[in-house]
Amino acid sequence: MSFFDYEELERLDDKSYHSGLSAIKMKAMAMKFRHKALGYKFSTAEGKLAKTISGPLIGSLTDPLQARPPQMPRQGSVQEVLGPDNIIGLKGIFWHPLCIPLVCAPLGIISAILGWGDSWTFWLNFAALIPLAKILGDATEELAAGLHNDTISGLLNATFGNAVEVIVAVQSIRAGLYSVVKSSLLGSVLSNILLVLGMSFLLGGLTPSKTKKGKFHSFRGNNWNKRLIGLEKEQKFPIKSALISLGMLFFACMVVVLPTLFNALPSDDEQRVLKVSRIGAWITMSAYVMYLAFQLLTHAVTLSADDRMDGGESRVHLAPDTPAQPEDVFFDSKDDDDEEDEESASIDLWVALLLMSLSTVVVAINSGFLVDTIQKVAEGSGLPMGFIGVILLPIAGNACEHASALRFSMRDRPGLAIGIAVGSATQVALLVIPLSVIIGQALGKPMDLDFGVLNVAVVTFALLVVVIMLLDGRSNWFKGYVLCAMYAFIAALYLYIPPAFGDDDLLQVGRRTP
């Protein structure tokens with residue numbers, strides 16, 4: 001077993017090792033995979049020039065200028081183009097199955113104006129938020145890539161990564177639907193740490209791989225490549241970044257649990273709870289700022305080195321006196337090189353800014369109509385407000401992240417899938433929830449951190465299970481199934497919850513009257 005070593009960290013403290021996949025580069029990796037799925041790789045002019053000058057070399061140290069013999073292009077290879085290219089880039093953003101419901105955006109607006117009915121207005125605007133969230137996220141990734149600054153890119157992704165949740169929260173606060181804000185944000189956290197992470201572990205653990213041993217996966221037993229599914233497969237991931245994010249999630253959970261218990265006391269002093277909530281919101285926001293500083297400024301190299309060292313752990317776990325077989329090659333170096341090469345944005349900065357602006361405006365309009373009809377739809381359909389907020393609404397904001405996490409996990413990059421799932425939940429808990437309280441204070445609305453006894457119990461138990469699943473730095477399909485089963489049980493719980501729960505701001509269980 002290899003232990004963390006400061007001499008090893010010093011050896012890794014070199015520019016060539018800074019390409020380790022820290023949390024701030026996950027959005028860039030998602031952008032690269034999206035480009036690759038389209039069949040293109042957008043290279044910078046400097047990168048093309050460097051490749052032309054240096055060229056691929058092989059041979060011994062005494063013969064460094066021996067050229068690599070020509071090779072046939074691999075099946076499924078991508079076309080390298082000089083970026084940005086706005087036409088190809090926009091095609092890559094909009095030519096996606098998640099963009100099919102984009103037609104619902106204008107239909108949802110027309111439905112509200114012409115009075116097609118509350119049910120049609122709600123579901124059309126709900127469906128419209130799914131592609132709009134994807135487009136807004138892709139535009140943010142392209143803008144961050146075009147800035148060529150890791151710190152600014154990280155801040156941009158951290159700020160706009162959950163823009164849809166923020167917009168829906170603002171619209172709900174303006175309408176006085178504080179229960180919708182709380183339940184939807186709680187559901188976003190649960191969806192990320194249970195459903196997204198669970199599906200990633202489940203499909204990643206069952207998907208066959210090209211090699212028996214890899215940087216982030218390994219198979220046990222023989223005939224590993226003759227099975228339709230990945231039996232005896234185990235994926236590996238660095239736990240340092242994941243545990244830091246989970247620690248911050250527990251901190252945010254404490255900030256929500258304590259005001260909830262405080263408000264459940266016999267005194268029932270709502271003004272004191274509101275003051276405590278606003279103080280806690282500002283403290284949580286400061287913790288989020290320090291969390292970003294830790295990832296982007298003070299420990300960026302350490303987190304990257306941790307990814308590298310944990311990823312290469314499979315090198316030292318081979319059994320002694322066991323000859324290496326051709327199928328045991330532990331990673332496809334060319335795939336890794338392709339993933340870690342710097343890639344250009346596919347669209348210009350002004351196009352990305354325009355796309356972000358238009359998407360934000362349309363999201364605000366559609367979410368406004370959705371919030372206006374949510375109570376009437378709950379009354380007409382019989383669905384509890386708690387189920388709509390905790391289960392349904394988070395689908396719109398998390399659909400794109402869910403797809404990205406599944407793609408990473410099925411490509412044997414579970415660390416990236418965890419970073420997306422846990423990182424998004426951390427952003428919601430540390431940024432969106434306290435920001436909602438601060439926005440409520442600015443608007444003169446009594447938005448507090450009392451989420452209800454049942455809700456805080458659900459999120460606390462969910463976090464405990466996720467921590468236990470991540471402690472060993474290993475994942476398999478069974479861990480994923482347990483997380484998905486837990487989410488299914490929570491969904492059933494909120495489906496059969498009393499209809500009055502979460503209606504007319506009665507989400508606070510501790511102070512409900514019979």
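All figures in this text were calculated on a predicted structure; none of them were measured in a lab.
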Check: Considering residues at least two apart in sequence or located in another chain, which fulfil the side-chain contact (heavy atoms from CB on, under 4.5 Å) criterion with Cys253?
Finding: Val257, Val459, Thr460, Leu463

Notebook entry, point to check: Rounded to the nearest 0.5 Å, what separation is found between the CG atom of Leu102 and the NE2 atom of His96?
Noted result: 13.0 Å

Note to self: Taking salt bridge (Lys or Arg N to Asp or Glu O under 4.0 Å) as the cut-off, I'd like each qualifying pair that reaches into residues 127-138, sequence neighbours left out, listed once.
What the structure shows: Arg34-Asp138, Lys134-Asp138

Next item on the list: Find the distance between CG (Leu493) and CD1 (Ile391) and round it off to the nearest 0.5 Å.
Entry: 9.0 Å

Next item on the list: Would you give the length of the straight line joining atom CG of Leu197 to atom CE of Met469, rounded to the nearest 0.5 angstrom?
Entry: 9.5 Å

Margin query: Using side-chain heavy atoms (C-beta onward) and a distance below 4.5 Å, is Val164 in contact with Leu132?
Written below: no

Next item on the list: Calculate, to the nearest 0.5 Å, the distance between atoms SG and CG belonging to Cys484 and Leu195 respectively.
Entry: 6.0 Å

Notebook entry, point to check: Taking all atoms of both residues into account, what is the closest heavy-atom pair of Ser409 and Gly204, and its distance?
Noted result: OG-CA, 3.4 Å

Check: With side chains defined as the heavy atoms from C-beta onward, is the minimum distance between Gln427 and Val432 less than 4.5 Å?
Finding: no

Note to self: I want to check something: taking the side chain as every heavy atom from C-beta on, are Ile193 and Leu249 in contact at a cut-off of under 4.5 Å?
What the structure shows: yes

Next item on the list: Taking atom types as modelled, find out whether Tyr494 and Ser183 have a side-chain donor-acceptor pair closer than 3.5 angstrom.
Entry: no

Notebook entry, point to check: Using 4.0 Å as the upper bound for N to carboxylate O, is an ion pair formed by Lys236 and Asp412?
Noted result: no

Item checked: Value rounded to 0.5 Å, distance of CG in Leu383 from CG in Leu392 -> 6.5 Å

Notebook entry, point to check: If you look at every heavy atom in Phe251 and Leu430, which pair is closest and at what distance?
Noted result: CD2-CD2, 4.0 Å

Note to self: Quick one, Tyr291 with Ser245, criterion side-chain hydrogen bond (donor to acceptor under 3.5 Å, both in side chains). Give me CA distance, side-chain angles, the key distance, then yes/no.
What the structure shows: CA-CA 9 Å; Tyr291 174 66; Ser245 297; 2.8 Å; yes

Notebook entry, point to check: Is there side-chain contact between Trp282 and Ile438, with heavy atoms separated by less than 4.5 Å?
Noted result: yes

Note to self: For Asp448, is there an ion pair with Lys182 - N to carboxylate O distance below 4.0 angstrom?
What the structure shows: yes

Check: Out of curiosity, Ile433 CD1 to Tyr288 OH, how far, rounded to the nearest 0.5 Å?
Finding: 12.5 Å

Check: Do you know which two heavy atoms are closest between Pro414 and Gln235, and how far apart they sit?
Finding: CG-CB, 3.7 Å

